[in-house]
4 protein chains.
Amino acid sequence: MVSTTLTVGAGRPRDPRIDEAVVAAVVELLCEVGYQRLSIAAVAARAGTTKPAVYRRWPTKAQLVHEAVFPAEGRPLVPETDDLAADLRSMLTDGIALFSRPEVRAAAPGLLADLAQDPGAHPRLLARFTSPMFDQLQGRLERAAAAHQVRPDVDARLLVDVIGGSTFMAVLTRDRAELEGPWVDQTLALLLAGVQA
Amino acid sequence: MVSTTLTVGAGRPRDPRIDEAVVAAVVELLCEVGYQRLSIAAVAARAGTTKPAVYRRWPTKAQLVHEAVFPAEGRPLVPETDDLAADLRSMLTDGIALFSRPEVRAAAPGLLADLAQDPGAHPRLLARFTSPMFDQLQGRLERAAAAHQVRPDVDARLLVDVIGGSTFMAVLTRDRAELEGPWVDQTLALLLAGVQA
Amino acid sequence: MVSTTLTVGAGRPRDPRIDEAVVAAVVELLCEVGYQRLSIAAVAARAGTTKPAVYRRWPTKAQLVHEAVFPAEGRPLVPETDDLAADLRSMLTDGIALFSRPEVRAAAPGLLADLAQDPGAHPRLLARFTSPMFDQLQGRLERAAAAHQVRPDVDARLLVDVIGGSTFMAVLTRDRAELEGPWVDQTLALLLAGVQA
Amino acid sequence: MVSTTLTVGAGRPRDPRIDEAVVAAVVELLCEVGYQRLSIAAVAARAGTTKPAVYRRWPTKAQLVHEAVFPAEGRPLVPETDDLAADLRSMLTDGIALFSRPEVRAAAPGLLADLAQDPGAHPRLLARFTSPMFDQLQGRLERAAAAHQVRPDVDARLLVDVIGGSTFMAVLTRDRAELEGPWVDQTLALLLAGVQA
DNA sequence: TGATAAGCGAGACGGTACGTCCGGTCTTGAG
DNA sequence: CTCAAGACCGGACGTACCGTCTCGCTTATCA
């Protein structure tokens, strides 16, 4: 998180309603005008506050959008049932659902572009998303290998690349209708055949 | 292509050296400051010309960068040997190489962001990249299916998603060293197992 | 003159109708939009021709306007009766009339500004206007001095400054009505008293 | 004045160094390139600032140049000694000196041209220059008439036309050397003879 | 009489300057 | 130290217009 509303010391405390209003305004405006044309001034106006109040909380647009679009949810990234096929299917549909949210579609490429320029963003991004997902998936795969469901040399990080990248690319290049139909089934079939022992 | 230097009719013809200088300047500046902070003014200055000369050729930054970064090469996107494994490996290494070029790394997310906002960019992007690749790969897969090397229900477009998305994601989240090492081997193994009859 | 339609040598001769049409267009447009916003493109369009045809004849806007507004008339600048008061009055009213013509009011300050910047304009301007007027007035004053009407030390060039400058300033700062009324009478009284023996 | 640096209320105050630097840059550039080719961009660059900072202070080039060239000095336009000849001489030499300043020579015709086009400039110009001068001169002439030094019917405004116009014309059409020599003496003689009782 | 040469309409070009938007910072005055 | 209000600085924008150039054609002079 960036908007560290600690304010342990003296002085007037920050108004928490502004934090909420700004985040809500960002999500709205992302869907309306996209990432590039999202201006801090417009966010502040929509949130009923002023630019300095926003800049006090988030130093850059990238960090603001990042936090607004990907709130730190505690939900498990990798499901844990006994059915490997069902778990992989969940990951595919979760990826599709995530990248299909309007604010995510609008924000993701712009965020990538901004963060790609920012040195140091690489580890932060990994720490926030890829690594937790990788750790959980690593455990899940070891369980599956022990049950002789997957080859023991299947790499969890590689699978994260393939699942994440495929869903991202699919959302970018296909219509909504295609994704809800056979795409998941076919991809799941390919993945299962690819990893199975 | 956008910069249609046709000019069959009347009027002073365009100076082709400006076309070249601008494209070169875009590639340079992309590597130096990234997509977002790439300004037309800076491109024109670096190219030794002026903004109107750039705007006459490319109406938007997105189209300019698109053409500068992805020149219309005629090279086949899908190799055509008799060895399916070798062909898939080529596609993976080509994808890695493409997305690893500094100007592509700098431009790709920004282009996605801009084009995602532009209605009508979707079909254009497909027509230029995904579709040709898909058509070629479709033919290659049919040949492989006839030779009983792959299952007949493997979809070429799906494979494009998986190969393109995986390589894109890998380049974004991994170091150069990892990609040149086992990543290609492991991904190739997964794909082969996934599609084989 | 600038538009030297000599064309002694070979080649297609210039169309004299274009010369006329351009000059007429300049006078019209000066009255409509003034000197600064008079564009060669507009002149060419109004004259029913094209920019290069205008530039072939007059290299700069200043020279074009100069020639259009002050055609080389042969009319005597200084009248030659036996009545000095009447002659001075004529010069005053002629100055008022000249500077009051709409195209002259519109063109004069702009011309001064352009020509003031052009080194070499000074002698040209003098040769065209001030000097002939000065020569004629010099003769007239000598005649008046011989008749003991004016002091013999009155300088003709000085009188040109005073008459020209006063009328110019008066036209710039006063309404039409004032000028036609007592202004000429009062100025004439001042001048006569100033020069009389 | 135009650049009203009032800013009594809220908001960041204007940087007064920019005001000074811009005015200085205008004077410099006027002498170098003249009025017409004086661009706001060049002024801003020379002053070490940017175009918007200039536009915030002066909405048009005419107003900017006007204020830069004719700063609101409180100096009396008409001297007030007991010697009418000396006072008139002062007005002549002041006029010569004013119109001889390089930036004034460069700016004056261009300003006239711009202001001549702007309806409403007429009264403004009068209010700033001609009228104050006229009022002061009117008082001086009444004093002189009471002392039987001038004819009581001599009009102050007319004298302003004659003195201003003559000096302006003389500066435009003569060399520096001529003006410092006998020109003032001769003109003074003419004026004195013209107005004396 | 045919080659040469300049003018013509048409129109796009290279480039200067324009006036404006907006992003991020700073200042006030109150809480 | 925060808040609102708001102006400021300066980078960049996309456009209008200037004077030039290229084209394909026409019109005159000269070999």
Side-chain angles (χ1 to χ4, degrees), chain A residues 5 7-15 17-18 37-44 48-57 59-61, chain B residues 5-15 17-18 36-45 47-57 59-61, chain C residues 5 7-18 37-42 44-45 48-57 59-61, chain D residues 5-15 17-18 36-45 48-57 59-61:
Chain A
T5 318
T7 59
V8 287
R12 174 172 171 176
R14 278 187 188 158
D15 186 343
R17 289 171 307 183
I18 291 181
R37 294 191 302 193
L38 178 80
S39 71
I40 301 291
V43 169
T49 181
T50 58
K51 284 194 289 178
V54 178
Y55 280 112
R56 262 190 291 276
R57 291 165 169 78
T60 68
K61 183 167 88 170
Chain B
T5 317
L6 302 175
T7 59
V8 287
R12 173 174 173 175
R14 257 173 212 170
D15 186 342
R17 288 171 309 183
I18 291 183
Q36 312 271 23
R37 295 193 304 199
L38 179 82
S39 70
I40 301 291
V43 168
T49 182
T50 58
K51 283 189 293 173
V54 178
Y55 280 112
R56 262 189 291 275
R57 290 165 170 78
T60 66
K61 183 167 90 170
Chain C
T5 318
T7 60
V8 287
R12 175 174 174 175
R14 282 187 187 155
D15 186 344
R17 290 171 305 184
I18 291 182
R37 293 190 302 191
L38 178 81
S39 72
I40 302 292
T49 182
T50 58
K51 284 193 291 178
V54 178
Y55 280 111
R56 262 189 292 274
R57 292 165 169 78
T60 67
K61 183 166 87 170
Chain D
T5 316
L6 303 176
T7 59
V8 287
R12 173 174 173 176
R14 255 171 213 171
D15 186 342
R17 289 171 308 183
I18 292 183
Q36 311 272 20
R37 295 194 304 200
L38 178 81
S39 70
I40 301 291
V43 168
T49 182
T50 57
K51 283 190 292 174
V54 178
Y55 279 111
R56 263 189 293 275
R57 291 165 169 78
T60 67
K61 183 166 90 170

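First the proteins, then the strands, lettered A, B, ... as listed; each starts at 1.
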**OP:** Return the 5'-most residue of the pair D/A42, B/G48 with respect to DNA chain E, ranking by each residue's nearest nucleotide.
**Re:** B/G48
Original post:
Do the side-chain N or O atoms of B/R56 get closer than 4.0 angstrom to the phosphate oxygens (OP1, OP2) of E/dA12?
Top reply: no
Original post:
Want to settle it: does B/R37 or C/T60 sit nearer the 5' end of DNA chain F, counting the closest nucleotide to each?
Top reply: B/R37
Subject >> Spacing of D/K61 atom NZ relative to E/dT16 atom C1', expressed in whole Å >> reply: 13 Å
Original post:
Considering only E/dC8, F/dT15, F/dC8, which nucleotide approaches the side chain of D/R14 most closely?
Top reply: F/dC8
**OP:** Take atom CD of B/Q36 and atom P of F/dC13, then tell me their distance rounded to the nearest Å.
**Re:** 12 Å
**OP:** Ignoring backbone atoms, establish whether C/T49 has a side-chain N or O less than 4.0 Å from OP1 or OP2 of E/dG9.
**Re:** yes
**OP:** Would you indicate, yes or no, if E/dC8 has its OP1 or OP2 atom less than 4.0 angstrom from a side-chain nitrogen or oxygen of C/R57?
**Re:** yes
**OP:** Could you tell me whether a side-chain N or O of C/R57 sits under 3.5 Å from a main-chain N or O of C/R14, the two making a donor and an acceptor?
**Re:** no
Subject >> Separation of F/dT22 P from B/D15 CG (nearest whole Å) >> reply: 11 Å
Original post:
Rounded to the nearest 0.5 Å, what separation is found between the CD1 atom of A/I40 and the OG1 atom of A/T60?
Top reply: 8.0 Å
Original post:
Just to confirm, is there a sub-4.0 Å distance from OP1 or OP2 of E/dT16 to any side-chain nitrogen or oxygen of D/S39?
Top reply: no
Distances under 3.5 Å only, N/O to N/O: pair up the protein atoms with those of nucleotides 25-28 of chain F.
{"residue": "F/dT26", "atom": "O2", "partner": "C/R12", "partner atom": "NH1", "Å": "3.0"}

**OP:** Round to the nearest Å and state the distance from A/Y55 atom OH to F/dT2 atom P.
**Re:** 17 Å
**OP:** Mind checking side chain to side chain donor-acceptor pair (under 3.5 Å) for A/R17 and listing every partner two or more places apart, or none if nothing turns up?
**Re:** A/D15
Original post:
Of C/L38 and D/I18, whose nearest nucleotide on DNA chain F comes first from the 5' end?
Top reply: D/I18
Subject >> Which residue lies more 5' along DNA chain E, comparing D/I40 with C/A53 via nearest heavy atoms >> reply: C/A53
Subject >> E/dG19 base / D/K51 side chain donor-acceptor hit below 3.5 Å >> reply: yes
Original post:
So which heavy atom on A/A44 is nearest to which on A/V54, and how close?
Top reply: CB-CG2, 4.0 Å
